[in-house]
Amino acid sequence: MPIEPVAKVSDKVIRKIVFPAAGMGTRFLPATKATPKEMLTVVDRPLIQYGVEEALASGMDDIIMVTGRGKRAIEDHFDISAELEANLHAAGKDELYREVSRVARMASVAYVRQKVAMGLGHAVLCAAPWVGDECFGVSLADELMISDVPVMQQLREKHEESGFSVVALARVPEEDVSKYGIVDVDQEQGGLFRLHGMVEKPEAKNAPSNMAMIGRYIFTPRLFDFLKEGEIGVGGELQLTDAMNTLAKVEPVYGLLVNAERFDAGNPLGFLIANATLGLKNKKYGDLLKAALEKLL
Ligand code: G1P
């Protein structure tokens, strides 16, 4: 297929971002049997709120959440609870009242239902009618990123320079390679790697590099063409990685090693590390947690 240049998008600000949140959270059962993994709490707020706040801080305020059965709590979290707000206000709990009202009004969120569990690629494809013919972000909320410049903003800046898809990368230890989508990279240029391809969860000995995709992406809408045509891949699912691999063959797809403290909080160990790290840094709880941990160690 010939390479057709996509319209330079730097004059068109990206505002749309898709949060695939329909996954079953199997890595975290039984906690995620009746609670969406996106609602697991790190310190004082659910994972999905960190993701949404990162998107908003990156100027992406048109949010499309792809949910499924058992995910109602996510909708309720970003909805106005008039009764709760009235009660907090009447009880003079001003700080809590302000926080609860802020979260309920922070974003305009559209909810799309993924009716069948067919994988991440299929979840992103479910958002296609709402995204239309625009470049857009994708964020996986179980990957928690803490950084001065929000990770989606780091991607957006590179996307605006290049006009093409940009994916967040991190180097991972060999034993973790088989947990991620791994990229095949060219020489770094201006902080960006041109990606020749990517493979979902390879065995370490077959992996093209040790650089993993870590759940933050900006895509050109052409990705949808390859998701629509896509075949079922690893694990019987429509893989986002496979569609990206095809996209990378017809137009540039770049990777950026992002600056962030990253937690893979969708599994119990990563989640515990996230809670300990952010708990220790927390203004309100940090010193108390430190004292409690010192007693244990
Ligand atoms: C998904 C993606 C994978 C990516 C990972 C990041 O995998 O399929 O390419 O590296 O997220 O966390 P999952 O963790 O949903 O199995």
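Numbering of ligands and ligand atoms starts at 1, following listing order.
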Find all atoms of ligand 1 within a distance of less than 4.0 Å from any non-hydrogen atom belonging to [X], and give their numbers and elements.
X      : result
Met213 : 4 (C), 6 (C), 10 (O)
Thr241 : 9 (O)
Gly181 : 3 (C), 4 (C), 9 (O), 10 (O)

Applying the side-chain contact (heavy atoms from CB on, under 4.5 Å) test to Tyr217, which of Met244, Met152, His159 qualifies?
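Considering Met244, Met152, His159, a side-chain contact (heavy atoms from CB on, under 4.5 Å) with Tyr217 is found only for Met244.
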
Only one of Val167, Val166, Leu223, Val183 clears side-chain contact (heavy atoms from CB on, under 4.5 Å) with Val253; which?
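That would be Val167.
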
Main-chain N/O of Thr35 paired to Lys71 side chain as donor or acceptor, under 3.5 Å:
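Side chain of Lys71 to backbone of Thr35: no pair is present.
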
Please check this pair: side chain of Glu175 against backbone of Ala204, looking for a donor-acceptor N/O pair closer than 3.5 Å.
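Between the backbone of Ala204 and the side chain of Glu175 there is no qualifying donor-acceptor contact (under 3.5 Å).
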
Exercise: do Tyr180 and Asp264 side chains pair donor with acceptor under 3.5 Å:
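Per modelled atom types, Tyr180 and Asp264 side chains form a pair under 3.5 Å.
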
Establish, from distance only, whether the side-chain atoms of Glu251 and Thr220 form a donor-acceptor pair under 3.5 Å.
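Checked: Glu251/Thr220 side chains pair up, N/O donor to acceptor below 3.5 Å.
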
Proximity of Lys179 to ligand 1 by residue part, where a heavy atom lies under 4.0 Å:
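Near ligand 1, Lys179 shows nothing, with every heavy atom at 4.0 Å or more.
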
Heavy atom under 4.0 Å from ligand 1: found in Leu140's side chain, backbone, both, or neither?
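The answer is the side chain.
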
For atom 15 (O) of ligand 1, decide whether some protein heavy-atom distance is shorter than 4.0 Å.
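No, no protein heavy atom sits under 4.0 Å from atom 15 (O) of ligand 1.
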
Are Phe226 and Phe219 an aromatic pair by the rule of ring centers under 6.0 Å?
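No, the ring centres sit 6.0 Å or more apart.
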
Based purely on interatomic distance, does [X] place a nitrogen or oxygen under 3.5 Å from a nitrogen or oxygen of ligand 1?
X      : value
Leu120 : no
Glu200 : yes
Glu143 : yes

Just need the protein heavy atom nearest to atom 13 (P) of ligand 1, so name the residue and atom and give the distance.
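For atom 13 (P) of ligand 1, the nearest protein heavy atom comes out as Lys201 NZ, 3.6 Å.
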
